[in-house]
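Quick note: residue numbers are just sequence positions, from 1. Values below: every heavy atom of this structure, side chains too, minus hydrogens, waters and symmetry copies. We count ligands from 1, going down the list as the structure has it; atoms in each ligand are counted the same way.
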Amino acid sequence: MTEQRSPAILVIDDNPQNLGLVRAQLERAGYRVTTAEGGRDGLAIAAKEPPDLILLDIMMPGMDGYEVCRRLRVEGYARTIPVLMLTSLQERADKLRALEAGANDFLSKPVDRAELLARVQSFIRMKQLYDELEEQRHDLELQAHQLAAEKSRAEGILQSMAEGVVTVDLAGNITLFNPGMENLAGLTFEETRGRRWTEALSVHTLSGQPVDDETCPIHEVLRTGLPATPRDLTLWRPDQTMVEVSVSAAPIRQAGGDMIGVVCVFRDVSREREAARLKQEFIGLVSHEIRTPMAAIYGFAELLISREQLSDKARGFAETIYHEADRLSNLINDFLDINRLESGRVPFHTRSIDLEEVIHEAVRTLSIQSLQHQIVLEVEAPLFARADRDRTLQVLVNLIGNAIKYSPDGGLIRIAARQVDDQACITITDQGIGMPREALGRLFEKFYRIDSAVHRSVGGTGLGLAICKQIVEGMGGRIWGSSDGIGHGSTFSFTLPIALPLAEREPVERPPRATSGRILLVKDDPNLVALILEQLGTAGYVVEAVTTGEEAITRTRVDQPAAVILDIGLAGEMDGWDVLSHFRSDPALSQIPIVMISGRDDRAQGLALGVDDFLVKPVPRNRLIECIRKFVGEGTEGARPVLIADDDPNVREIHAEALQSEGFEVVLAADGVDALRSMQATTPVAVILDLNMPRMDGFQVLETMKQTPELAAVPVVVVTAQQLEPDEREQLSNGVAALLQKKSSGSAADMVDVLRRALEPAAVSGRPGVK
Ligand code: ADP
């Protein structure tokens, strides 16, 4: 704290005795006192060191008190110093004269001590208050200057900015409209001043609706008192032309914090939107145009490779074509993916995901490529992140894939995951070719590839890490890479928000647990059904085909398949999208993985609605199997199913249940045609056959089976409610392992029993065992 100096008083009097007396009295009271014995001296002292108060004798030789006072009042420094006249004059005229000269008050001589001190104190106090006021006035003046400068700066900005700025008061009436806004809206400030902005401006949503309380940023600010997120809207001018605008709004507040209005900024984004639209169209068009011939090159190359009579050289060529086509289609897919991610049109389906499980899946997916590598997992479990499972898997596959790819001599790949604060941190470390320090800052740029001989020798698009970054950041995480230099391996890490603290973890959406290894194919087109049955059947998968969404739902309720392959165009009332939304909203079905197949690339929509994978036709066999393997695991060659062909869904269900509980794999068919189609894909271990079925009855099925070499030896148990005519019995006696009547409640158990016996080696010969 600065020490307060005691007030200074100047006493001017030609009488040294008086001077001495007054001085002594004032000094005793704690004032600092200077004295002068004449007017001129007094003025000189006051000019040098202006005092807080002057006591001034009137009658002095040379310059009298009146004159001194007058001069003091014209000097700037002394204009505000209080002057007390010391006088023995009593005349009213003398006092008036003194006041006219600028004195503040009088003290009569001889001076009374008490009166002197009381007056002095009061004038000193007055002087101090005056000084304080003066200081405040000075500060205010300064502030006013600054405000004026700021105002003119703000006005300059408002006048010159291209963006439109509008302010409204709390009633929504326009209070300001800058030239930028005049340009955008085709209106002048004068035309809009004081009008309700909703009436003065014609603002619509992108779908053409006038903005309402929900869609209007100004309303949002008035309602919430908080800044509104920018909205994409359209602004119509009086001449009926339109501009696309991004509109943001924020409250205007008084110093006390009360909202007094809203400021709203309109930015013309027509050009940006047009450019984005064109880019999107261009990319869509180009990729479609490339994809179609690519599918043909890919498919025929695949076909050629599988031809046995091909010479080694020709096969080599075909393999090159196949791999290059594969590379090109990966590039296109990556390109489309990053384009979609960058446009912000990719929704993330965040939920609580088990990182350990996703990491295991990523490793499983890549295990074929990593025979020379030793993959070590150090996963702190349980570890759950709030993230999109498929996209997280994509990032992991990319990073682990890079770790494998960029360590061509093999080595250790360590995948660690643990919780750090409120983030899950996943780190992938390899012992591969490493990265130079100067490259680290550019790794996540699109198309960036490290320009060194060792790096160039490994193929790639330079898009993988850019995609990873978009995904990780889109899910609220961070990603980075590090290395001790070329030859010293690399480490890539990313974070994801932790799902919930351990104690309050919500039930976790685990990956679907299949209750059967069967795949349900929901598809209408018989040729494609046959193709997929063939492709998956030969890979050891048991596939059951249905043609309508309604059937798919009923089948899945009865016996959950390991995965559903769903086409968009279906017979029946529901299309693929309807089926998908039904599956995803029904808790009993929501966990089942759904792979959608379509002729159009509606992947984004599919993922948005919850499909687990999306395949665009034509789907190469490998791609289909790879996708199914993700959800179902390897196909099991030889684990052949029992086919239940019956048009009564209840009977199918009862039999399926009975067989599954005995450990049999089953596939179902609702009529003879389905039954044969299914048998052609996968030869069943036995058939439970109803006789009376639509489209093709059991007799015809048996007949066809007899004529088909692979099916002729398959044991058939006929289960029928029909009373058979003798000739029908005769017909069945050849080639049917057993005949059961559908009537007793124990028939399902009987059926299993009979089936078991039929499957014993002696029975498989087709010996009739009619009961
Ligand atoms: P690419 O398809 O080329 O692999 P990415 O975007 O996945 O594209 O990676 C960009 C570049 O970063 C790669 O070309 C490579 O030079 C470098 N890189 C990525 N991962 C590794 C790694 N594990 N070790 C060494 N270099 C890597």
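- For atom 1 (P) of ligand 1, the choice among Gly462, Gly464, Ser483 with the nearest heavy atom turns out to be Gly462.
- Glu272 has a carboxylate O that lies under 4.0 Å from a charged side-chain N of Arg267, or vice versa, which qualifies the two as a salt bridge.
- Of the N and O atoms on the side chains of Gln394 and Asp337, at least one donor lies less than 3.5 Å from an acceptor on the other residue.
- For ligand 1, the atoms lying closer than 4.0 Å to a non-hydrogen atom of Leu443 are 12 (O).
- Using a 4.0 angstrom heavy-atom cutoff, Phe492 counts as in contact with ligand 1.
- Close approach of ligand 1 to Leu463 (heavy-atom distance below 4.0 Å) involves ligand atoms 6 (O), 8 (O).
- When only non-hydrogen protein atoms are considered, atom 7 (O) of ligand 1 lies nearest to Asn402 ND2, 2.8 Å.
- Within the listing of ligand 1, atoms 15 (C), 16 (O), 25 (C), 26 (N) sit less than 4.0 angstrom from a heavy atom of His455.
- Of the candidates Ile413, Val397, Leu396, Val397 is the only one forming a side chain to side chain contact (heavy atoms under 4.5 Å, CB included) with Leu366.
- Considering only residues two or more places apart in sequence or on other chains, Arg442 meets the side chain to side chain donor-acceptor pair (under 3.5 Å) condition with Glu445.
- For atom 23 (N) of ligand 1, the closest non-hydrogen atom on the protein side is Asp430 OD2, 2.9 Å.
- Residue Ile450 has at least one N or O atom closer than 3.5 Å to an N or O atom of ligand 1.
- Under 4.0 angstrom from ligand 1, there are no non-hydrogen atoms of Leu399.
- Looking at Arg273 and Asp232, a side-chain N of the basic residue comes within less than 4.0 Å of a carboxylate O on the acidic one, giving a salt bridge.
- A donor-acceptor contact closer than 3.5 angstrom is absent between the side chains of Ser270 and Glu244.
- Closest to atom 10 (C) of ligand 1, if we only count protein heavy atoms, is Tyr448 O, 3.4 Å.
- At the top of the distance list for atom 24 (N) of ligand 1, counting protein heavy atoms only, stands Ser490 OG, 3.0 Å.
- Looking from atom 3 (O) of ligand 1 to the surrounding protein, the closest heavy atom is Arg449 NE, 2.5 Å.
- Taking both residues in full, the closest heavy atoms of Asp334 and Ile467 are given as O-CD1, 3.5 Å, listed atom of the first, atom of the second, then distance.
- Under the 30°/60° scheme for interplanar angles, the aromatic rings of Phe444 and Phe492 are found to stand perpendicular.
- Residue-ligand proximity: Gly432 is placed with every non-hydrogen atom at 4.0 Å or more from ligand 1.
- If you number the atoms of ligand 1 from 1 as listed, the ones under 4.0 Å from a heavy atom of Gly460 come out as 1 (P), 2 (O), 3 (O).
- The closest side-chain donor-acceptor pair between Ser407 and His373 falls under 3.5 angstrom.
- Residue Lys405 has at least one heavy-atom neighbour below 4.0 Å for each of these atoms of ligand 1: 1 (P), 2 (O), 4 (O).
- Listed by atom number, the atoms of ligand 1 under 4.0 Å from Met435 heavy atoms are 25 (C), 26 (N), 27 (C).
- Phe335 is linked by a ring pair (Phe, Tyr, Trp, His ring centres under 6.0 Å) to nothing, counting only residues two or more places apart in sequence or in another chain.
- Here the protein heavy atom with the shortest distance to atom 2 (O) of ligand 1 is Thr461 N, 2.8 Å.
- Of all protein heavy atoms, the one closest to atom 21 (C) of ligand 1 is Tyr406 CD1, 3.5 Å.
- Taking CG of Leu496 as the reference point, atom CD1 of Ile479 lies at 9.5 Å (rounded to 0.5 Å).
- For His455 and Ser452, the side-chain atoms include at least one donor-acceptor pair closer than 3.5 Å.
- Ranking protein heavy atoms by distance to atom 6 (O) of ligand 1, first place goes to Leu465 N, 2.7 Å.
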